[in-house]
Protein chains: 2
Amino acid sequence: MKKNDRTDLCSIARAIDKIGDHWSLLILRDLGQGLTYFDEFQKNLLIAPGVLSKRLSTLVSEGLVRKELYQDNPPRARYVLTKAGEDFLPVLAMIMVWGNEHSSPSGLDTQLVDKSTLKKISPIVVDAKTKEPIEFSKLTFAGGPANSAAKIKVLTERNMPLAAVN
Amino acid sequence: MKKNDRTDLCSIARAIDKIGDHWSLLILRDLGQGLTYFDEFQKNLLIAPGVLSKRLSTLVSEGLVRKELYQDNPPRARYVLTKAGEDFLPVLAMIMVWGNEHSSPSGLDTQLVDKSTLKKISPIVVDAKTKEPIEFSKLTFAGGPANSAAKIKVLTERNMPLAAVN
DNA sequence: CGGGATCCACCTGGATACTG
DNA sequence: CAGTATCCAGGTGGATCCCG
């Protein structure tokens, strides 16, 4: 896929262009579990060091990960999630839910738990206002105030709403 | 990445192996918006036909999409989401939320709206029981009843919980 | 309209070795 | 420990043409 091609059209496409890579998603998952050192990622993911290095620096430059040098000589670093990185964890949580439902033939092997109580958390997506579970069959993605000219063209051709009403 | 490598370890990794591809995610997004014909995807995504064909059949074989022949001669088909495919829309919704927050430099151009009222929906992830927003900093991913031997090894080495408590 | 078949350039990951 | 450097194979996407 040619990067930066449709990045002006849709925040979903932009987000996918930024983090929609297998390795990046798995690294973010591990960061969310508290892994911090280059070596830990490499051992856990069985990823080639060069690839890991590139993925980490991409995540850093995209603002999802912060690299902290905790020692100068020799240089040692740890990686932690930024706010933007933490904000991505709900996506991973819903991926987990989908995987548990539709891609776990031998049973449940991944759960979200409270660190201190170890109680299980079951994430669901609701509307912020009503707290009602969202029925996706009744919804659609629309444009917004900042529609680009190209997006307005696409939406109009497809007879889709240009923005939400109040 | 070698496919089917760590697929026995974690439902997140399995899910990502199944649908964590740029094109597949964008196709699912379009399906969620009601696009149905090969041609529509191709025009909207500017994707090479061969690639689109492969992605669609992968999605079909993975059970997220159903291919319906609505005409025999010449053969014509439409593509629609299955239950598993619809269940993936919450993931896309949270990707949209992240993109709107962290990857929309020129403003809001993608929103989730009710098809009939055009009112805006704001998706958030909450715990199914308490309906409280999830604080991801307090959580971690744990194992589950169906942990494989390999996963038990990893969790133990990292001193992580093997499963949730009740 | 709904794709299948080809061809090719390139990119990317894997493996391995090495270094401060 | 924390990467960088190198090399290589092959997979993948884009482009194009074609067909019922």
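Basis for what follows: all heavy atoms, side chains included, without hydrogens, waters or symmetry-related copies.
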Query raised in the report: Hey, is NZ on B:K115 packed in by over 12 heavy atoms from elsewhere, all under 6.0 Å?
Result: yes
Round to a whole Å and report the spacing from [atom1] of [X] to [atom2] of [N].
X     : N      : atom1 : atom2 : result
A:H22 : D:dT12 : NE2   : C1'   : 13 Å
A:L69 : D:dC1  : CG    : P     : 17 Å
B:E68 : C:dC1  : CD    : P     : 20 Å
A:R78 : D:dC1  : CZ    : P     : 14 Å
B:I47 : C:dG3  : CD1   : C1'   : 13 Å
A:E40 : D:dC1  : CD    : P     : 9 Å
B:R55 : D:dG11 : CZ    : P     : 14 Å
A:R76 : C:dG20 : CZ    : P     : 13 Å

Query raised in the report: Any idea which of C:dG3, D:dC1, C:dA17 is nearest the A:D39 side chain?
Result: D:dC1
Requested in this report: Please determine, for the side chain of B:Y37, which listed nucleotide (D:dG13, D:dC1, C:dG2) has the closest atom?
Outcome: C:dG2
Query raised in the report: When the nearest nucleotide of DNA chain D is assigned to B:A48 and to A:G50 on a heavy-atom basis, which residue is associated with the more 5' position?
Result: A:G50
**Report entry** Residue mapping more 5' on DNA chain C - nearest nucleotide basis, A:K54 or B:F38
**Finding:** B:F38
Does [N] have OP1 or OP2 sitting under 4.0 Å from an N or O in the side chain of [X]?
X     : N     : result
B:K67 : C:dG3 : yes
A:Y79 : D:dG3 : yes
A:K43 : D:dC1 : yes
A:S53 : D:dG3 : no

Requested in this report: Could you give me the CA-CA distance, side-chain angles and deciding distance for A:S24 and A:E62, then say whether side chain to side chain contact (heavy atoms under 4.5 Å, CB included) is met?
Outcome: CA-CA 11 Å; A:S24 301; A:E62 281 165 353; over 6 Å; no
Query raised in the report: With side chains defined as the heavy atoms from C-beta onward, is the minimum distance between A:N44 and A:R29 less than 4.5 Å?
Result: yes
Requested in this report: Go through the steps for A:R14 and B:D109 under the test salt bridge (charged side-chain N to carboxylate O under 4.0 Å, His left out), then give the verdict.
Outcome: CA-CA 11 Å; A:R14 282 192 301 273; B:D109 65 1; 3.0 Å; yes
**Report entry** Test salt bridge (charged side-chain N to carboxylate O under 4.0 Å, His left out) applied to A:D127 and B:K119, step by step
**Finding:** CA-CA 12 Å; A:D127 178 45; B:K119 293 218 181 221; over 6 Å; no
